[in-house]
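In what follows, a single structure is set out as structure tokens and then discussed.
Values reported hereafter were calculated over all heavy atoms of this structure, with side chains retained and with hydrogens, waters and symmetry mates removed. Below, chain A is the first sequence line, B the second, and so on; all start at residue 1.
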Amino acid sequence: MDQTTSTTGQPAADEPAGAPTPGRALGAPLVELKHVNKHFGALHVLQDIDLTVRRGEVLVVIGPSGSGKSTLCRAINRLETIDDGTITVDGKELPAEGKALAELRAEVGMVFQSFNLFAHKTVLDNVTLGPRKVRGMNKKDAEELARSLLDRVGVGNQAEKMPAQLSGGQQQRVAIARALAMRPKVMLFDEPTSALDPEMVNEVLDAMVALAQEGMTMIVVTHEMGFARKAADRVVFMADGQIVEEAPPEEFFTAPRSERARDFLSKILTH
Amino acid sequence: MNDYLSGLSALWEQYDVLGAFWTNIQLTFWGALFALVLGTLLALMRISPIPSLQWVGTLYVNVFRNTPLTIIMTFMVMGVWTALQINLGSDFSTNFFRLAVVGLAVYHAAFVCESIRSGVNTVPIGQAEAARAIGLSFLPAARLIILPQAFRGAIAPLGNTLIALLKNSTVAAAASVSWETSSTMKTMLEFNANYRWEIFGMFAIGFVVLVIPIGLATTWLSRRLAVKR
């Protein structure tokens with residue numbers, strides 16, 4: 001049933017305003033946020049957020065800094081707690097803590113702005129650690145998996161190095177491989193290219209586009225409009241803790257409906 | 001002059017100065033070992049997400065860091081052994097030695113805990129977040145990711161704690177370990193007041209010789225093992 005909703009043009013009742021681009025078959029809802037609220041002290045950073053991400057969908061979250069987009073991304077694997085509302089991943093509500101939460105996090109891949117590779121471990125060990133210690137995979141299989149993933153993101157020849165010996169772009173690609181090694185159902189990217197030198201942005205985006213084309217469900221917080229246009233099914237524009245607008249990327253970038261989005265786009269497009 | 005030298009050498013033969021230092025080295029070794037284990041557990045409690053464990057860790061550190069070692073040592077003998085009749089060894093000397101080790105360990109564990117916590121502060125929060133994000137729960141994340149980096153960042157303060165522990169091992173005298181250095185020195189001074197400067201000097205130099213390598217080694221190690229970021 002869900003296979004058809006996005007292509008027939010007859011969205012289900014809970015279909016978000018900006019339906020995914022036609023022609024791409026999306027599955028059942030995988031990540032669902034309902035009435036999510038969060039405060040940092042007096043600041044209401046997430047205001048009654050409703051968002052559904054379907055299996056296979058690539059969602060780009062865009063918005064000015066302080067709009068809550070990073071917090072939203074981090075809340076999905078509970079690196080940020082929420083005050084109320086519910087977040088479900090593949091039908092399971094996020095557990096508050098403990099083993100159940102760890103198990104859920106293993107299913108949700110996360111790529112950080114500052115890479116966060118384990119600084120005291122080699123590239124290979126960074127990637128094998130999760131499969132071995134969380135999934136209980138043996139060393140040989142884990143290394144085989146890790147090497148194939150490192151090859152896939154183009155850093156297979158760096159496997160024996162320490163993270164500090166790699167460029168930012170290489171580190172971020174290792175971080176993507178590390179997350180993929182857990183065979184996640186969904187991948188979260190929290191501004192994955194914001195800390196990179198300009199010449200390294202593309203190598204990371206290319207890896208992400210490839211991932212999107214393979215059908216990975218992705219939630220990407222980014223300002224990279226090229227990536228959004230090339231790979232995203234839907235763009236969500238956030239400002240002041242609210243989802244202001246949702247639309248297919250082409251529509252959003254060429255004809256934003258809200259004043260807030262027009263203002264934001266004019267600022268990032270002028271130069 | 002000859003009288004002076006022969007008097008000195010007689011002194012050296014009469015008292016087992018090297019044996020006294022060896023006792024302090026042994027006290028330090030065992031004290032450091034147990035303090036490291038206990039201190040690591042305490043640090044884990046203090047950084048754990050469970051408030052009651054944090055509270056116990058904090059309470060322990062505040063009690064033992066702020067109690068003079070002499071009082072802890074005296075308590076080990078007068079309280080633990082005499083009053084509670086807890087024996088840690090079959091003969092007197094083994095018993096007193098082990099009581100002193102326990103006293104040294106519980107006192108210095110508080111300092112070890114705080115050294116490790118200072119090491120934890122050198123590990124960026126992103127390391128813990130990445131560990132959690134791949135599905136590691138608190139203990140595996142601490143064991144595999146946080147503590148290995150924290151220890152490397154804590155080598156210098158841990159070295160300072162070890163130096164303090166070596167010198168504080170002389171307080172074992174308060175736990176009736178009467179054959180360790182400060183007790184031996186006191187006895188020597190009592191019966192050989194004409195050599196007081198030489199006796200003081202002998203023990204002072206002995207400790208300096210023991211401590212300097214620890215300082216050099218920890219500086220070298222903390223540079224060599226520093227985590228490159």
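For chain B, no part of A:Ala179 is nearby; none of its heavy atoms comes within less than 4.5 Å. B:Leu144 touches chain A through backbone and side chain together, each having a heavy atom under 4.5 Å away. The contact between A:Met182 and chain B is made entirely by side chain atoms (from C-beta outward), counting heavy-atom distances below 4.5 Å. Both the backbone and the side chain of A:Phe118 have a heavy atom closer than 4.5 Å to some heavy atom of chain B. With a 4.5 angstrom heavy-atom cutoff, B:Ala131 touches chain A via backbone and side-chain atoms both. Heavy-atom distances place no part of A:Leu101 under 4.5 Å from chain B, backbone and side chain included.
Dense packing is recorded around CZ of A:Phe40, with more than 12 heavy atoms of other residues, nucleotides or ligands lying under 6.0 Å away. Counting non-hydrogen atoms of neighbouring residues, nucleotides and ligands closer than 6.0 angstrom, the CH2 atom of B:Trp179 exceeds 12 such neighbours.
Taking all atoms of both residues into account, the shortest heavy-atom contact from A:Phe112 to B:Ala130 is CE1-CA, 3.7 Å.
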For chain A against chain B, give me the donor-acceptor pairs closer than 3.5 Å, one per line with atom names and distance.
from	atom 1	to	atom 2	distance (Å)
B:Gly126	O	A:Asn116	ND2	3.3
B:Gln127	OE1	A:Ala119	N	3.3
B:Gln127	NE2	A:Leu117	O	2.7
B:Glu129	OE1	A:Arg74	NH1	2.9
B:Glu129	OE2	A:Arg74	NH1	3.3
B:Glu129	OE2	A:Arg74	NH2	2.6
B:Leu144	O	A:His120	NE2	2.9
B:Gln149	NE2	A:His120	ND1	3.2

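To the nearest 0.5 Å, the span separating CG on B:Leu136 from CG on A:Leu129 amounts to 5.5 Å.
Between chain B and the options A:Pro184, A:Ala102, A:Gly98, heavy-atom pairs under 4.5 Å are most frequent for A:Ala102.
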